[in-house]
Amino acid sequence: MVSPDKIVRQLNPPAADVRLVCFDKVDSTNDVAKRFVEEGVCDRLVVISNCQSSGRGRFERGWISPRGGLYASLITKPVLSPSRLPLMGMMLGLSAVSAIYSLSAIDVHLKWPNDIVVDDKKVGGILNEAVTEGDQGVAVILGIGINVNLLPNDYPEDLRKSITTILLETGEESSLEDLAALLLNEVYGRIREVETRQTYESILSEYKSVCNTLDRRVRVEQTDGIFEGTALNIDEYGALIVETEEGEVKLSTGDVVHLNLKT
Ligand code: BTN
């Protein structure tokens, strides 16, 4: 089981005082985190589990969560306004990119909005959920899954082509505790920065340098239709700006398909 002590020993301020709760198996760490919020915990608690029986992805998809991956959900107070919630997910994405690079020197990027990818294969994903009371944001739950010590056979056949794992990329097993500690140090550092400087601009500019969707042809699949265009920019709310033949379209949520290689 992931050892909380091994993680805590490696935490630096401002992550040093977070509370970690580790489990062997849960339904979903985001759901466990939600239950903590319902009990009144609104900040600085991290739920980690060795595996999940009902891991959740974006848009009600499942998240296959066998032992060997890192599955964590951070409860944090909203440090940005509700309209900028996507930027909080992006903070976690950027933190994952830095943590994975420090651990294993793999060149990872973010596919808009928050798929953690090696080339175009997914090595991790992020699910951010707001807990509100009336129109007040009470807490934000930032969930992350990273494929660490896993191999293609650990996944259903239809997923094998589109995913990768840190083990596959490096040929070596990694310490889940080292990765978790690197991630928490990175993310709480960014949260502190946004909180003290009251600006999200550094997040946005870092995001643009790590996002491999920009300057690419993309296909956007929405319930009301499919269109193609070129991904031009990210706005200050985290929306993707796509240039199409009919003009610019802003996507605040959804997924895109990359159509060409990054040049
Ligand atoms: C996605 O790319 O669709 C997001 C996947 C997020 C998965 C993580 S695993 C830990 C946390 N608990 C969940 O049920 N989901 C997130």
Side-chain angles (χ1 to χ4, degrees), residues 1-2 4 7 18 20-38 45-76 85-86 88-97 99-100 108-118 120-131 139-150 154-156 158-166 176-177 179-180 183-184 187 207 210-213 221 238 240 251-258:
M1 165 135 128
V2 171
I7 299 174
V18 297
L20 289 190
V21 190
C22 295
F23 297 91
D24 183 48
K25 186 173 187 173
V26 295
D27 47 359
S28 147
T29 54
N30 267 39
D31 292 341
V32 175
K34 249 184 217 163
R35 297 194 278 271
F36 273 108
V37 176
E38 280 157 16
L45 185 129
V46 179
V47 179
I48 298 184
S49 183
N50 290 338
C51 58
Q52 304 181 110
S53 54
S54 313
R56 295 191 288 110
R58 297 171 65 233
F59 305 115
E60 317 288 320
R61 296 176 195 138
W63 185 258
I64 306 290
S65 311
R67 288 171 200 282
L70 181 66
Y71 312 106
S73 299
L74 287 63
I75 300 173
T76 175
L85 178 67
M88 293 201 67
M90 287 168 171
M91 276 190 230
L92 182 58
L94 292 169
S95 305
V97 168
I100 294 171
V108 271
H109 288 94
L110 294 174
K111 172 174 178 279
W112 184 86
N114 255 324
D115 284 356
I116 306 162
V117 294
V118 179
D120 268 339
K121 291 192 166 193
K122 192 154 166 171
V123 72
I126 284 169
L127 178 66
N128 47 326
E129 299 182 296
V131 183
V140 176
I141 296 172
L142 299 172
I144 180 164
I146 304 180
N147 310 335
V148 188
N149 299 320
L150 291 160
D154 294 307
Y155 294 91
D158 58 320
L159 278 185
R160 290 180 198 161
K161 271 203 187 127
S162 55
I163 59 116
T164 187
T165 72
I166 296 183
L176 294 178
E177 288 90 352
L179 179 58
L183 180 71
L184 297 179
V187 73
Y207 183 85
V210 164
C211 174
N212 73 354
T213 300
E221 294 170 2
L240 182 70
L251 295 181
S252 47
T253 181
D255 273 327
V256 297
V257 178
H258 290 165

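Both counts, for ligands and for their atoms, begin at 1 and track the order of listing.
- Contact annotation for Asn114 and ligand 1: no heavy atom of the residue comes within less than 4.0 Å of the ligand.
- Residue-level proximity to ligand 1 for Ser73 is carried by the side chain, the only part with a heavy atom below 4.0 angstrom.
- For atom 15 (N) of ligand 1, the closest non-hydrogen atom on the protein side is Arg56 O, 2.7 Å.
- Contact annotation: the side chain of Arg58 never approaches that of Asn114 to less than 4.5 Å [non-hydrogen atoms, C-beta and beyond].
- A salt bridge does not link Asp154 with Arg67: every distance from a Lys NZ or Arg NE/NH1/NH2 to an Asp or Glu carboxylate oxygen is 4.0 Å or more.
- To the nearest 0.5 Å, atom CG of residue Asp31 and atom OG of residue Ser54 are 8.0 Å apart.
- Checking only distances, Tyr71 never comes within under 3.5 Å of ligand 1, N or O to N or O.
- Inclusion of Trp63 in the set of residues having an N or O under 3.5 Å from an N or O of ligand 1 is not warranted.
- Note that the CG atom of Leu45 and the CD1 atom of Ile75 stand 4.5 Å from one another [nearest 0.5 Å].
- Residues Val32 and Asp27 are in side-chain contact: their nearest non-hydrogen atoms beyond the backbone lie under 4.5 Å apart.
- Among protein heavy atoms, the minimum distance from atom 3 (O) of ligand 1 is reached at Arg58 N, 2.7 Å.
- The protein non-hydrogen atom at the shortest distance from atom 11 (C) of ligand 1 is Thr29 OG1, 3.2 Å.
- Listed by number with element, the atoms of ligand 1 under 4.0 angstrom from any heavy atom of Asn30 are 11 (C), 12 (N), 16 (C).
- The ligand atoms of ligand 1 that sit less than 4.0 angstrom from a heavy atom of Gly57 are 1 (C), 3 (O), 4 (C), 5 (C).
- Thr29 contributes no side-chain N or O that, together with a main-chain N or O of Val47, makes up a donor-acceptor pair within less than 3.5 Å.
- Per-residue contacts place Gly55 under 4.0 angstrom from the following atoms of ligand 1 (heavy atoms of the residue considered): 14 (O).
- When side chains are defined from C-beta on, Leu20 counts as touching Leu184, because their heavy atoms get closer than 4.5 Å.
- For the pair Gln52 and ligand 1, a heavy-atom separation below 4.0 Å is found.
- In Asp31, neither the side chain nor the backbone holds a heavy atom less than 4.0 Å from any atom of ligand 1.
- If you check which protein heavy atom lies closest to atom 2 (O) of ligand 1, you get Lys122 NZ, 2.7 Å.
- With a 4.5 Å cut-off on side-chain heavy atoms, Glu177 and Val2 count as touching.
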